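Single-structure report; data block below.
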There are 2 protein chains.
Amino acid sequence: MLTIAEGKFRNYLKQKGLKFTPERQLVLEEVFSLHKHFEVEDIFIRIRKKGNHISRATIYRTFPLLVESGLIKEAVHCQGGVRFEHIYGHEHHDHLVCLKCGKIIEFKEDRIEELQDAICKRYDFTPVEHKLGIRGYCKRCR
Amino acid sequence: MLTIAEGKFRNYLKQKGLKFTPERQLVLEEVFSLHKHFEVEDIFIRIRKKGNHISRATIYRTFPLLVESGLIKEAVHCQGGVRFEHIYGHEHHDHLVCLKCGKIIEFKEDRIEELQDAICKRYDFTPVEHKLGIRGYCKRCR
DNA sequence: TTGCAATTGAGATTTAGTTGCAAAAAGGAG
DNA sequence: CTCCTTTTTGCAACTAAATCTCAATTGCAA
């Protein structure tokens, strides 16, 4: 899984004339060791905790490359910070966000794609991606 | 239109024990003189251009009140900054965002509400609002 | 092995937004 | 209308997130 992602990343870098450095590898590994939404700071702290050295600037510079290469993307914009999530190895999904406890429920609903196509046809628009976020209250916070 | 919005705002403020000040009126007027997405800085500049004085801090403090009172809301999270749009006097709609030119097309599609209800039922979730943003290319940028 | 373009880290810088505080003003009570 | 309490304002200082600068370093292709 990580190996395949690494391959994808290496290809992307090579094709852009960029280099696969130890720092970029650290970021990639850390990103794929998590299985939930994460932000720059999470990755920074985890790499440092393991005793490896990296600067925040490097992580900030690496994230856009991971996005560009199709491995991660900006997640639903929830509370405050910018959060990311994996794309690679995950089906597309959307989010329910609880306004009280902040819990995020992921869901999958194929009819959204159908709707997207119908709407885009109406406006002569070529879709690349969509993000649907439903905010409200989960059953425990209601 | 503005008068009614002002009434709503006055009611909200009174009910919270807050005051309707000339500065808040300026912000309200400026916000409702625009008919598209806007951000704090836009409002600041427009008020200053008209020769009125106001500080950025006051606008930053007023926006949450306008949101709380149901007059405006944070719009689709497009490129960079936080943008707002009117709620009052506008039906709910969602957005197509062109990745190249940044153009925003608003659309209305009732089936999204139906889908939302079906999904929320599935997860025992009580929806308050949703935001659907479709990113892609408009017909001129394709 | 060499050379050059890309990369890194550290800190400076930018940008967006928030906060503390003293002076000013809204607006209800009398 | 005046008084009094509470809120509001503006300014400047501050914070946090992200970006940039630049010298030193390093990958990697030839």
Side-chain angles (χ1 to χ4, degrees), chain A residues 6-7 9-31 37-69 72-75 77-84, chain B residues 6-7 9-31 37-69 72-75 77-84:
Chain A
E6 190 178 306
F9 194 36
R10 279 177 184 275
N11 284 346
Y12 166 79
L13 292 173
K14 178 169 289 180
Q15 170 244 320
K16 286 270 186 177
L18 305 178
K19 292 165 184 174
F20 186 76
T21 64
E23 289 80 7
R24 287 178 180 163
Q25 184 166 28
L26 278 178
V27 174
L28 183 74
E29 276 171 15
E30 215 43 59
V31 158
H37 294 190
F38 54 90
E39 48 192 81
V40 170
E41 194 63 17
D42 297 326
I43 302 301
F44 176 72
I45 289 175
R46 289 171 64 97
I47 291 178
R48 283 283 176 106
K49 276 230 178 89
K50 287 190 181 165
N52 294 304
H53 188 272
I54 197 164
S55 82
R56 248 177 276 260
T58 298
I59 306 181
Y60 276 109
R61 291 192 275 235
T62 304
F63 269 43
L65 302 175
L66 291 171
V67 171
E68 260 289 298
S69 64
I72 67 175
K73 67 169 182 176
E74 260 193 47
H77 195 67
C78 12
Q79 47 254 10
V82 181
R83 306 186 84 81
F84 294 84
Chain B
E6 190 178 304
F9 194 36
R10 279 176 183 275
N11 285 345
Y12 167 80
L13 292 172
K14 178 168 288 179
Q15 170 243 322
K16 286 270 187 177
L18 305 177
K19 291 165 184 175
F20 187 76
T21 63
E23 289 80 7
R24 287 178 181 164
Q25 184 165 28
L26 277 178
V27 174
L28 183 74
E29 276 171 14
E30 215 43 59
V31 159
H37 294 190
F38 53 90
E39 49 193 80
V40 170
E41 194 63 15
D42 297 326
I43 302 301
F44 176 71
I45 290 174
R46 289 171 65 97
I47 291 178
R48 283 283 175 106
K49 276 231 177 89
K50 287 191 181 165
N52 294 304
H53 188 271
I54 197 164
S55 82
R56 248 177 277 261
T58 298
I59 306 180
Y60 275 110
R61 287 169 180 137
T62 303
F63 268 43
L65 302 175
L66 291 171
V67 170
E68 259 291 298
S69 64
I72 67 175
K73 67 169 182 176
E74 261 193 47
H77 196 67
C78 13
Q79 48 255 9
V82 181
R83 306 186 85 81
F84 294 83

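All values reported here derive from a predicted model rather than from experimental measurement.
Taking both residues in full, the closest heavy atoms of A:H53 and A:L26 are given as O-CD1, 4.3 Å, listed atom of the first, atom of the second, then distance.
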Walk along nucleotides 19-29 of chain C from 5' to 3' and tag each nucleotide B, S or - by protein heavy-atom contact under 4.0 Å, base first, then sugar-phosphate. BB-----BS--

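When the C1' atom of C:dA16 is taken as reference, atom CZ of B:R83 falls 14 Å away, rounded to whole Å. Counting to the nearest Å, the P atom of D:dG27 and the CZ atom of A:F9 are 15 Å from each other. The distance between atom CD1 of A:I43 and atom C1' of D:dA18, rounded to the nearest whole Å, is 17 Å. The separation between B:F44 atom CZ and C:dT15 atom C1' is 15 Å, rounded to whole Å. Put simply, CG on A:L28 is 17 Å from C1' on C:dT7, counting in whole angstrom units. The distance between atom CG of A:L13 and atom P of C:dT7, rounded to the nearest whole Å, is 8 Å. Rounded to an integer number of Å, the gap from A:H53 NE2 to C:dT7 C1' is 15 Å.
Ranked by how close their nearest DNA chain C nucleotide is to the 5' end, A:K16 and B:E41 are led by A:K16. The 5' end of DNA chain D is approached more closely, in terms of each residue's nearest nucleotide, by B:G17 than by the other of B:G17 and B:I59.
A distance of 15.5 Å separates CZ of B:R48 from CZ of B:R46, quoted to the nearest 0.5 Å. Taking OH of B:Y12 as the start and CG of B:L18 as the end, the distance is 6.5 Å to the nearest 0.5 Å.
The phosphate of C:dT18 has neither OP1 nor OP2 within less than 4.0 Å of any side-chain N or O from B:R56. A close approach under 4.0 Å does occur between a side-chain nitrogen or oxygen of A:Y60 and OP1 or OP2 of D:dA18.
Using a 4.5 Å heavy-atom threshold, the side chains of B:R24 and B:L13 count as touching. Within the 4.5 Å cutoff, the side chain of A:V82 has heavy atoms near those of the A:E74 side chain.
In this structure, A:F38 and A:F63 have perpendicular ring planes: the angle between them is above 60°, well past the 30° mark.
Checked by atom type and distance alone, the side chain of B:R56 never pairs as donor or acceptor with a backbone atom of B:E41 at under 3.5 Å.
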